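All remarks here apply to the structure that follows.
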2 protein chains.
Amino acid sequence: MADFILMEKPTLPKGSRDFGPAQMAKRQYILDRIKAVFQKYGFQPLETPAMENLTALTGKYGDEGDQLLFKILNSGDFLKDADQAKLEARDSKLLTTDISEKGLRYDLTVPFARYVVMNRHEITFPFKRYQIQPVWRADRPQKGRYREFYQCDADVVGTDSLLCEADIVLMITEVFSQLHIQDYTIKINHRGILSGLAEICGAKENEKPLFVAIDKLDKIGEEKIKEELRARGFQEASLTTLFQILNFKGNTQQKIDFLSAKFSASENGRKGLSDFQKVLDLLNGYQFSPKHLEFDISLARGLSYYTGCIFEVKINNVAIGSVSGGGRYDNLTGSFGLEGVSGIGISFGVDRLYDAMEELKLFPSEAMISSTVMIAHFDNETMRYGLQVAARLRAAGVATELYPDVSKIKKQMEYANKKMIPYVIVIGADEMKDGQLTLKRMHTGEQEKKTLEEILLEIKK
Amino acid sequence: MADFILMEKPTLPKGSRDFGPAQMAKRQYILDRIKAVFQKYGFQPLETPAMENLTALTGKYGDEGDQLLFKILNSGDFLKDADQAKLEARDSKLLTTDISEKGLRYDLTVPFARYVVMNRHEITFPFKRYQIQPVWRADRPQKGRYREFYQCDADVVGTDSLLCEADIVLMITEVFSQLHIQDYTIKINHRGILSGLAEICGAKENEKPLFVAIDKLDKIGEEKIKEELRARGFQEASLTTLFQILNFKGNTQQKIDFLSAKFSASENGRKGLSDFQKVLDLLNGYQFSPKHLEFDISLARGLSYYTGCIFEVKINNVAIGSVSGGGRYDNLTGSFGLEGVSGIGISFGVDRLYDAMEELKLFPSEAMISSTVMIAHFDNETMRYGLQVAARLRAAGVATELYPDVSKIKKQMEYANKKMIPYVIVIGADEMKDGQLTLKRMHTGEQEKKTLEEILLEIKK
């Protein structure tokens, strides 16, 4: 096939990927299972457009985030209304607002908040939605970091019931069970507990650097964190108190008891512990086994907007960061003018789950999306006989393809093999005569003569 | 819930849409069925990134298409390397190439061609891929025309076997059968037949205006087409010959015989008829009933790049244009330098199918994606009892949600009702005592006391 005329070869934009059939099948395998779990817990699908008005996006992700937004050039004569001074100054930043009014979504949370505000009169609250769509970030591409990638979020808004927290733990557990990932840890913490920690370390007014630092405990260790906090003006006494708590060893109940005593003077801390205790009680009511759950006092998930429980999931013994995370936030829609909408969400990182499952060899070979049967033939006559065989198989719901050209059997078999088609039916002159078709099982290589009815019985098993 | 602080209300960019849960469920209903049919015929999924290099997109869709491409502003200081003269001239068109190097995909065909060329050494040909993704066009938005919309394509490349044509007819038929659309017509024609028609009308060198004109036969009628063609320099004798053919009445075989005689001097025409006859023979071999098939000599699908069979599907008695179309093209990848890759494709218009199915009331109520059971309760104690009930139902695979707040029963029922949840289990003090739960069937409003086992039996039916 095909002459190739030398010319500039087509390329993909940096940081973007095609997903061919094999990758699609595996991604679909993951996403179908996550989707099924979301639906089992009452979440409903939402999709929002790729482009949002820049007024909706800008200012939501900090200065750095604003830089990373992909902006769409206005259509037509976009320079017509551009400010002459900005043009003359060649000031890209200032000119942007004149020539671009739309951007690509940066995450699924802001579009969701926008949707909730725009549709608040039609939505039935509490609103449980899931959303699985790509997002775009003009980040520097590197291993495992792409400019287009899927997010996979489920959120409940319009209730502060801690049942949502418990359901999220259940959902995470069920997703991992469905994906056959066995060795993982759901880390859980609470913003109130973090605030309590800050208070008893004398850092009530200086929370952020504390949270940023301790969130890295796993990665950089105690000494580096102490150095970082000393440089931020933390006193030795505070650091001693801090690590007395962070280094406390015990099971969840022992940790709670230990912190209760420490938090006698911290209302935030006590509220955090009480919420957390209630979530554990609800999980207990669900008769849930908390073996994957770990109360991690150092879990802060960076500078996030969480106000209640915080979650993060790690697959153990795989060199991949967290594969899922989330938490409760009290003010999802505030930036769009709608106050007091409490919500809680969880997000699964599809790319990381994919990489981890590859490493753990957890994709079953059936994940491949391909025909179940290919019909091979020798000439126009046997191919024509194959038409009715294909029709019968398809009518029985069996994904079937007839090799479309008259070719060498070897070539047809190679095609079936590369497409990972498990069964090939070979039709030759003999088969046409006696109606006994040759069934070749591609996994084992063995072949056998059978009637179409017998073949259907074997395949549909 | 929720104070609303007055501020500029968020909006969506013109021509774009959110798909809320009810719409998503219906769209999913359509797409799942199309996908299943594609897979049943051996097609495998592909996804390409939203952004393509403008070098890959520009020049593929004509001047008008180039205007309609959404272009991405380069990140960072995009004016740095912009040409001073272009800036001073305020020439938007010329400046574009300096400040933008990526665009959003305009269709799925060009990205597919790019993928085939980039991966030609790994792909197993014939390559059967399907692709269901949004595309973007900076068109003027109007009723039924959006700036972001889904395309849903299946193509085979790397074979010129007419079996692909026959399979496409089968696939269309199966999609419509799955969607319960009964009154529809698959129009079929062949580019060779159109060329033959042009030749015997003396328009061999003037094909395009002829095809454009006759493609509108259904819409504007014979007289208007004659006017249009006279203005293009067509002679009366040609027009008489043309309409003698277009107005020929008869079944498919009669049309073929009639044209065979006319095309004695047209090689293109004879090749077209012969291909078409072979496709009909293959369909016959499949024991396919051609009742929805119509040989339409006027079908040209505008100025498309088709070189063989051409398809178009219309739902009858619904005021919506064609809902599916496609055909064979001989040179998919030529513009990327790879010659001689023959392919054939079919595309389904999801938005139009959606509208037609709404009009025909073909969406089943089960299409709604929602919980099967909601558990209602009266207080913390009954809610807690509900936890184990929810756990049991979910363990049995039943999508279940527990109303998350202690609220009036009326409010809980309204929630279930709006979410179209078919069953509500009400747990009160009595139910807790005797283990008999109240099951309310929301469709009929009746309720009954049952054990959880009995409820499971009823629901799983």
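Keep in mind that what you see is a predicted model, and the values were worked out from it rather than measured. In what follows, chains carry the letters A, B, and so on, assigned in the order in which the sequence lines appear, proteins first and then strands, with residues in each chain numbered from 1.
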Next item on the list: Could you look at Q388(B) and say if it's the side chain, the backbone, both or neither that has a heavy atom under 4.5 Å from chain A?
Entry: both

Check: Any idea which heavy atoms bring Y286(A) and A390(B) closest together, and the distance?
Finding: CE2-CB, 4.0 Å

Checklist line | Shortest non-hydrogen contact between S92(B) and L79(A), atoms and distance | finding: OG-N, 2.9 Å

Item checked: Contact summary for R90(B) and D81(A), nearest pair of heavy atoms -> NH2-C, 4.2 Å

Margin query: Out of N119(A), I72(A), L393(A), return the one with the most heavy atom pairs under 4.5 angstrom to chain B.
Written below: I72(A)

Margin query: Quick check for you: to the nearest 0.5 Å, what is the distance between L73(B) atom CG and I99(A) atom CD1?
Written below: 5.0 Å

Check: So which part of R129(B) gets closer than 4.5 Å to some heavy atom of chain A, the side chain, the backbone, both or neither?
Finding: neither

Next item on the list: Could you check which of D167(B), N74(B), L69(B), L170(B) has the highest count of heavy-atom pairs closer than 4.5 Å to chain A?
Entry: D167(B)

Item checked: Test item: P404(A) and V156(B) side chains (from C-beta on) under 4.5 Å apart, heavy atoms -> no

Next item on the list: Please look at P134(B) and chain A and tell me whether the side chain, the backbone, both or neither of the residue comes under 4.5 angstrom of a heavy atom of that chain.
Entry: neither

Check: Non-hydrogen atoms of chain A under 4.5 Å away: do they reach the side chain of L163(B), the backbone, both or neither?
Finding: side chain

Checklist line | Region of N284(B) that comes under 4.5 Å of a non-hydrogen atom in chain A | finding: both

Next item on the list: Just give me the residue among V406(B), L387(B), I369(B) that pairs up with chain A most often, heavy atom to heavy atom, under 4.5 Å.
Entry: L387(B)

Item checked: chain A contact via T372(B) - which portion, at a heavy-atom distance below 4.5 Å -> neither

Item checked: Spacing of CG belonging to L282(B) relative to CE belonging to M383(A), to within rounding of 0.5 Å -> 6.5 Å

Item checked: Heavy-atom side-chain contact between F78(B) and K71(A) under 4.5 Å -> no

Margin query: If I take atom CG from residue D405(B) and atom CG from residue D160(A), how far apart are they, to the nearest 0.5 angstrom?
Written below: 6.5 Å

Check: What residue, out of S16(A), P111(A), G285(A), S100(A), has the most heavy-atom pairs lying under 4.5 Å from chain B?
Finding: G285(A)

Next item on the list: Look at S161(A), A25(A), A138(A), P49(A) and state which one has the largest set of heavy-atom pairs under 4.5 Å with chain B.
Entry: P49(A)

Checklist line | Among the listed options R147(B), E414(B), Q287(B), K128(B), the residue most often paired with chain A at heavy-atom distances under 4.5 Å | finding: K128(B)

Check: Which heavy-atom pair separates N53(B) from L12(A) by the least distance, and what is that distance?
Finding: ND2-C, 3.7 Å

Check: Side chain, backbone, both or neither: which part of Q84(B) has an atom under 4.5 Å from a heavy atom of chain A?
Finding: both

Next item on the list: Using non-hydrogen atoms and a 4.5 Å limit, figure out which bit of F127(B) sits close to chain A: side chain, backbone, both or neither.
Entry: side chain

Check: What part of A50(A) lies closer than 4.5 angstrom to a heavy atom of chain B: side chain, backbone, both or neither?
Finding: both

Checklist line | Rounded distance (nearest 0.5 Å) linking atom CZ of F43(A) with atom OG of S371(B) | finding: 9.5 Å

Next item on the list: Measure the shortest side-chain to side-chain distance between F19(A) and P45(B) over non-hydrogen atoms and say whether it is less than 4.5 angstrom.
Entry: no

Check: What part of V398(B) gets closer than 4.5 Å to chain A, counting heavy atoms only: side chain, backbone, both or neither?
Finding: backbone

Check: So which part of A166(B) gets closer than 4.5 Å to some heavy atom of chain A, the side chain, the backbone, both or neither?
Finding: neither

Checklist line | chain B contact via I421(A) - side chain, backbone, both or neither, heavy atoms under 4.5 Å | finding: neither

Check: Where does T48(B) contact chain A at under 4.5 Å (heavy atoms): side chain, backbone, both or neither?
Finding: both

Margin query: Can you confirm whether R27(B) sits close enough to E47(A) that some side-chain heavy atom of one is under 4.5 Å from a side-chain heavy atom of the other?
Written below: no

Note to self: Evaluate Y41(B) against R394(A) for side-chain contact (heavy atoms from CB on, under 4.5 Å), listing each step before the verdict.
What the structure shows: CA-CA 8 Å; Y41(B) 284 78; R394(A) 286 172 181 160; 3.0 Å; yes

Note to self: To check you understand the geometry: which heavy-atom pair defines the closest contact between F70(A) and S75(B), and what is its length?
What the structure shows: CE2-OG, 4.1 Å

Check: So which of R114(B), K418(B), E88(B) has the biggest tally of heavy-atom pairs under 4.5 Å with chain A?
Finding: R114(B)

Next item on the list: Kindly give the heavy-atom pair with the smallest separation between F125(B) and Y415(A), and that separation in Å.
Entry: O-CD1, 3.7 Å

Notebook entry, point to check: I123(B) versus chain A, heavy atoms under 4.5 Å apart: side chain, backbone, both or neither?
Noted result: neither

Notebook entry, point to check: Once you round to the nearest 0.5 Å, how far does NZ of K9(A) lie from CZ of R120(B)?
Noted result: 5.5 Å

Next item on the list: May I ask you to test the D281(B)-R384(A) pair for a side-chain heavy-atom distance under 4.5 Å?
Entry: yes

Notebook entry, point to check: For L402(B), is it the side chain, the backbone, both, or neither that has a heavy atom closer than 4.5 Å to a heavy atom of chain A?
Noted result: both

Checklist line | Y403(B) vs P126(A) side-chain heavy atoms within contact, under 4.5 Å | finding: yes

Next item on the list: Find the distance between CD (E401(A)) and SG (C164(B)) and round it off to the nearest 0.5 Å.
Entry: 10.0 Å

Checklist line | Most chain B-contacting option - heavy-atom pairs closer than 4.5 Å, from G386(A), A22(A), A82(A) | finding: A82(A)

Next item on the list: Using a cut-off of under 4.5 Å on heavy-atom pairs, state which of M51(B), R17(B), Q28(B) scores highest against chain A.
Entry: M51(B)

Next item on the list: Could you tell me whether a side-chain N or O of K419(A) sits under 3.5 Å from a main-chain N or O of G42(B), the two making a donor and an acceptor?
Entry: yes

Next item on the list: Name the member of Q39(B), E52(B), K80(B), Q44(B) that forms the most heavy-atom pairs with chain A at distances under 4.5 Å.
Entry: Q44(B)

